[in-house]
Every structure is written in C-alpha cells, then in structure tokens.
Amino acid sequence: MGKMNLLKAVFEGKVGENYGARQRKNTYLKAIPFSHAPSSPTQTACVRAFEKLNRLSAKSTNVFYPFINNPKKTVLKHNAVASFLKPLISEKVFDPGNFSQIIADGEEASIVQFSVDTDSGIITISANETAFTEITATQKWGVVVFDSLGTVYLARVPSQTFLQQRIVATLPSDRVFYAIAFTAEKRLNKWVLGNLQYEQTGCVIGGTLYTALTADPTHFEVIDGVLYYTGTMFTIQNGVFILS
C-alpha cells in the first residue's frame, strides 16, 4: 500500500505497477521490476549448485577460514570460505570430489572409519593424522562431514591427533554423505594444506544405481526404459558405466 504526501506531491510504497522510494532525503517514482523470462534449466542448476556451496561454507567457516592466506578483510568470513571452496562447483554441479583441486592429496591424514546409518540417524567417524607428533599453533588438521546438499554434520579442528565422533541427526536417505580430513602447516607465515583424505557413501545400494545419489543427477534421463547420461563427470569404458 502506498502513502501519498499531498504537500510534497510524492508517495511512498507500492501503487499499481509503480512504487515510491526515498534515497538521500529525496523521493523517487520507480517501476516495479519484473522477470522477462523464467530461469532456464542451466540457470536453475547453477543456482542450486551455489546454494549447496554456500550451505557448506557457512557451517564450516571455523575449519577453513583460519587457513585462508591473506583473506580480504572487507569480505564476510563465510563468503571468503565460499570463494576458497569455489572449485567444488564444476559444470554447474556441486562436486565434493573436487576437493583435491583445493587441498593436495596425501597419506598423513586418515579416515579410519566412516559409516552412515540413515535409519537410526547415526554417523560414526574416526580419523587421525600422523604428519605431526602434536597439535600446535602452526601444525593443525581439520575434519568435515557433510552431505550432497552441503548440509554440515561435523566441522572440527581437533586439539589431538586422533578424533572419534558419533553424530546423531536426521539423515535423509536420498543423499550422499562425505567426510574429509586434511592437515595444515604454517610455513614462512603461510598456511599449506595437504594430506587430503576423502570418503563418501555409495550411490549403488543392493545392486541398484540411484542416480539421485550421484554427484551429477541432473544429466540422467530414462526414455522408453533406457537410461541415458548426457554429462561429462562419468564415462563408459568397454560398455561399462564407470562412476569413479
């Protein structure tokens, strides 16, 4: 509803297809913006991918932000983490497998156990690191557990070299769950991340492939009883569909 000021001959608020707005003590008449066309499937996929990335970034800020070298002070911490983790989006798809583009692989961080029981709502994880004999101000490691929508269930920078955690939560059965562990060492006043270990729950259950649980579900389609895949994340070798 708009309000008219007869003395000043201006109004504030919505009136029909226009609205009055105050800016710097002046009042302006503006047209209400509208969308000229619905979002395309490509635009929608891109938005969904960034939603997942932002969800992961917001709840794992405590793990990643301390190790971002020279972050911009004018940027909010979770936005700085989102920029840091941006390689997780590939071909407009949120792909946690791309963590290896951010953190170097290695063997001195280990995920000893990672199990997810969606029926009981329990995640069990144990992990350790062997790169350092003790955790110090310049030698640390991180552990993050999340799912294919970017929901975070655990984000820790452990104070010891071993972590064991039992997480109770509502666990949707239509998602893939991921766990990563990595080390961080400060060298010449710069953090160096490495020894990435990555685990995920499977998308094949009881011999059945659930395309919704893959990292690229939008490129699967069934036509006349035949499953077609139009993406680039997976390949077919000698007539066999390769998921890894």
Side-chain angles (χ1 to χ4, degrees), residues 38-105 109 111 114 116 118 123 125 127 141-157 167 169-184 191 193-203 210-220 230-234 243-244:
S39 299
S40 67
T42 298
Q43 290 172 322
T44 300
C46 190
V47 170
R48 296 290 89 82
F50 274 98
E51 284 179 349
K52 297 171 185 177
L53 176 67
N54 289 331
R55 194 174 292 122
L56 170 62
S57 302
K59 296 299 182 180
S60 62
T61 301
N62 63 308
V63 172
F64 295 111
Y65 185 79
F67 306 130
I68 298 177
N69 294 302
N70 301 317
K72 294 181 179 179
K73 301 301 182 182
T74 57
V75 177
L76 295 174
K77 290 184 177 180
H78 67 275
N79 287 336
V81 172
S83 179
F84 176 70
L85 299 179
K86 192 174 180 180
L88 296 185
I89 294 181
S90 175
E91 299 293 329
K92 301 178 180 61
V93 173
F94 177 66
D95 182 9
N98 287 346
F99 255 111
S100 59
Q101 297 182 22
I102 304 170
I103 304 173
D105 293 329
I111 298 175
F114 178 53
V116 179
T118 56
I123 299 175
I125 182 171
W141 68 303
V143 180
V144 182
V145 176
F146 60 102
D147 67 21
S148 49
L149 286 189
T151 303
V152 175
Y153 300 91
L154 175 71
R156 291 273 303 276
V157 178
I167 306 160
T170 300
L171 305 176
S173 59
D174 60 346
R175 300 182 192 176
V176 179
F177 294 82
Y178 306 89
I180 67 164
F182 64 93
T183 61
W191 286 104
L193 307 186
N195 295 301
L196 174 70
Q197 288 292 300
Y198 169 92
E199 297 286 345
Q200 73 171 72
T201 56
C203 55
Y210 290 84
T211 59
L213 299 182
T214 67
D216 191 15
T218 60
H219 287 95
F220 288 94
T230 58
T232 58
M233 295 182 64
F234 309 123
L243 285 169
S244 60

Between [atom1] on residue [X] and [atom2] on residue [Y], distance to nearest 0.5 Å:
X: Asn195; Y: Thr183; atom1: CG; atom2: OG1; value: 3.5 Å
X: Cys46; Y: Glu51; atom1: SG; atom2: CD; value: 10.5 Å
X: Tyr178; Y: Ser148; atom1: OH; atom2: OG; value: 5.5 Å
X: Thr118; Y: Ile123; atom1: OG1; atom2: CD1; value: 10.0 Å
X: Arg175; Y: Thr201; atom1: CZ; atom2: OG1; value: 11.5 Å
X: Glu199; Y: Phe177; atom1: CD; atom2: CZ; value: 15.0 Å

Name the atoms and distances for all side-chain donor-acceptor pairs under 3.5 Å in residues 71-88, with sequence neighbours left out.
none

Looking at every heavy atom in both [X] and [Y], which two are closest together, and how far apart are they?
X: Ala155; Y: Ser60; result: CB-CA, 4.1 Å
X: Ala179; Y: Val145; result: CB-CG2, 4.1 Å
X: Val143; Y: Ala127; result: CG2-CB, 4.4 Å

So which of Trp141, Phe67, Phe182, Phe64 actually passes ring pair (Phe, Tyr, Trp, His ring centres under 6.0 Å) with Trp191?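 That would be Phe67.
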
Can you find a heavy atom in the side chain of Leu56 that is under 4.5 Å from one in the side chain of Phe94?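 Yes, side chains in contact.
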
Counting only heavy atoms not in Lys59, do more than 12 sit closer than 6.0 Å to its NZ atom?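 Counting other residues, nucleotides and ligands, NZ of Lys59 stays at 12 neighbours or fewer.
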
So, using side-chain contact (heavy atoms from CB on, under 4.5 Å) as the criterion, who are the partners of Pro66 when residues are at least two apart?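 By the side-chain contact (heavy atoms from CB on, under 4.5 Å) rule, Pro66 matches no residue at all.
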
Could you tell me whether a side-chain N or O of Thr151 sits under 3.5 Å from a main-chain N or O of Asp147, the two making a donor and an acceptor? no

